[in-house]
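See structure below.
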There are 2 protein chains.
Amino acid sequence: MFNPAKSEPKRRVEQHEKFPAMTKILIIEDEPAIVELVTMYLDKEGFETAAAYGGLEGLVAVKRDQPDLVILDLMLPELDGWEVCRRLRKDTDIPIIMLTARGDDVDKIVGLELGADDYVAKPFNPRELVARVKAVLRRGKGRPQASGTLRLAGLEVDAARREVRVRGERVPLRTREFDLLHTLVMQPGMVFSRDQLLNQVWGYDYLGGTRTVDVHVAQLRQKIKDCGVHIETVWGVGYKLCVDDD
Amino acid sequence: MFNPAKSEPKRRVEQHEKFPAMTKILIIEDEPAIVELVTMYLDKEGFETAAAYGGLEGLVAVKRDQPDLVILDLMLPELDGWEVCRRLRKDTDIPIIMLTARGDDVDKIVGLELGADDYVAKPFNPRELVARVKAVLRRGKGRPQASGTLRLAGLEVDAARREVRVRGERVPLRTREFDLLHTLVMQPGMVFSRDQLLNQVWGYDYLGGTRTVDVHVAQLRQKIKDCGVHIETVWGVGYKLCVDDD
DNA sequence: TGAGAATGTTTGAAAATCGTAAAAAGATTG
DNA sequence: CAATCTTTTTACGATTTTCAAACATTCTCA
């Protein structure tokens, strides 16, 4: 998609940094006290959490919950962290933060051999762990954007620059408007239901009503009129972008 | 594709990016274990690989194989990475990613002195290396990000000297300010999310909050005003550098 | 044609984001 | 190790955007 820093709609968030709506974090750790502590801190930051208390259980949980990040203790019953990490790495790219004891060979963990993304030495400061979680999650986001301007009749949409031109003239759009238009322009003629648009533009966890889409469509229509392209209502279904035929 | 939130969750089935048929990558590294590992990962991504186990051998291999990118260890027998890099740079533009030890002077490596395109600190995560390879290759086409002074209206940014001039007048910038401006100037008009800027300027493992970016942007704005170029806020997304239009 | 449902449009309060100053924390230097 | 400089955090007001609600309009189908 195209929005580098989606705003997080409809959610009670204070000073929190924004992460993809409901980022799921799985904690694999046998000591309940630690699980509880970490859970508490992550909750407070708006993350969704799950826990597994052993290696095997952990592997199952990963499959089931599809977390966005795993916090993995090195010392575990059944299957130790090394093995769990290795198996996870074999068929996923889910970021992993290891909990290690002081003195563990950190280089091996984060480096080649295991391929974890980061580690925190026990005993650790929960706040630091949270910071690391955020940092690791952020890493994926820095990739260059697919450049290239989409053109359709008198309409140009530049995703990388977030600029829209109507017959060559720059038209300032707001975040939602831009994202909405961009989705439509990417597949001209394709009908999008309001729900599809909500998922695409507002995020899958958006809690508002579907009429919101209508409002934004109306505003978009205002701003991009007379460019040889228009947003058509598909009655009872949704909207699509069409090239004027005359 | 760079949307952190929504389109990202499918981590499992990662689609291979398309690079020119059979992009060749040469690894110059004396430790066979590392060569093997890296080779495996690059293979998996569809790259063609070759290896050289020493500095001299590496130079020869470059001549012979004409790779599209070189991964170069800093510590090598015969001829060390510094020297190899220097010689490569003397008569080619082949992108180079350096493998360094933690603590090596990264500024010198990627800066003008050596002119490598990127670096990865050992011990490294192979997946990250692959990501960097892709990033560098992608960057390669398009823009001569090479040395020299970047000029944009009344603004000059000299990466080598780390100097900035506003309408010819030198303006002293602090480290962060300079790096920030530099990344923005390299791709004027391109929108950078705060996360992207944090990754680029502060590093992949920066642990602070995103508002830090705002503060530095504010300070930059102070220092580079009235030079025909300004930093624009892209509401809900991030910042971009724009040439004044009036 | 008219009732009911879906959509269009306008609006202002509420929410989100941003700018900035100033305090706090961290680095660097002499 | 104190002084100084840089960076980061924090706090709060200012600004911008969003969205639900209300009402108007259009559409469908009996």
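The sequence lines fix the lettering, A, B, ..., with proteins before strands; numbering per chain opens at 1. What you see is a predicted model, and the numbers here were worked out from it, not measured in a lab.
Residue A:R211 has no polar side-chain atom (N or O) positioned under 4.0 Å from OP1 or OP2 of C:dA6. Taking 4.0 angstrom as the limit, B:R176 places none of its side-chain polar atoms (N or O) nearer than this to OP1 or OP2 of D:dT6. B:T175 has no side-chain polar atom (N or O) that falls below the 4.0 Å cut-off from OP1 or OP2 of D:dT6.
Salt bridge B:D205/A:R132: absent, no basic N to carboxylate O contact under 4.0 Å. The pair A:D68-A:K24 does not meet the salt-bridge criterion, since no charged nitrogen lies less than 4.0 angstrom from a carboxylate oxygen.
Ranking D:dT18, C:dT20, C:dT7 by closeness to the A:R194 side chain, first place goes to C:dT7. Comparing C:dC18, D:dT9, D:dT17 by their nearest atom to the side chain of B:T233 picks out C:dC18. Comparing C:dT9, D:dC19, D:dT8 against the side chain of B:W202 picks out D:dT8 as the nearest.
Nearer the 5' end of DNA chain C, as judged by each residue's closest nucleotide, is the contact made by B:Y239, out of B:Y239 and B:Q219. Between B:V215 and B:V234, the residue anchored closer to the 5' end of DNA chain C is B:V234, taking for each the nucleotide with the nearest heavy atom. In terms of position along DNA chain D, the nucleotide closest to B:W235 lies nearer the 5' end than the nucleotide closest to the other residue of the pair B:W235 and A:T212.
Residue A:D214 contributes atom CG, which lies 12 Å from atom P of C:dA6 at whole-angstrom precision. The separation between A:I231 atom CD1 and C:dG8 atom P is 10 Å, rounded to whole Å. Look at CG on A:L197: it is 13 Å from P on D:dC19, rounded to the nearest Å. Separating the NZ atom of B:K225 from the P atom of C:dG19 is a distance of 15 Å, rounded to the nearest angstrom. A straight line from CZ of A:R162 to P of D:dT17 spans 12 Å, rounded to a whole angstrom. When the C1' atom of D:dT15 is taken as reference, atom CZ of A:R174 falls 13 Å away, rounded to whole Å. The separation between B:H216 atom NE2 and D:dT9 atom C1' is 11 Å, rounded to whole Å. Atom C1' of nucleotide C:dA15 and atom CG of A:L207 are separated by 14 Å, given to the nearest angstrom.
Residue B:V213 is classed as having no contact, given no heavy-atom separation below 4.0 Å to the nucleic acid.
A side chain to side chain contact (heavy atoms under 4.5 Å, CB included) with A:V120 holds for exactly one of A:V133, A:I71, A:I97, A:N125; it is A:I97.
The side-chain contact (heavy atoms from CB on, under 4.5 Å) search around A:A121 returns A:T100, A:R102, not counting sequence neighbours.
Between the A:R176 side chain and the A:H216 main chain, no donor and acceptor come within less than 3.5 Å of each other.
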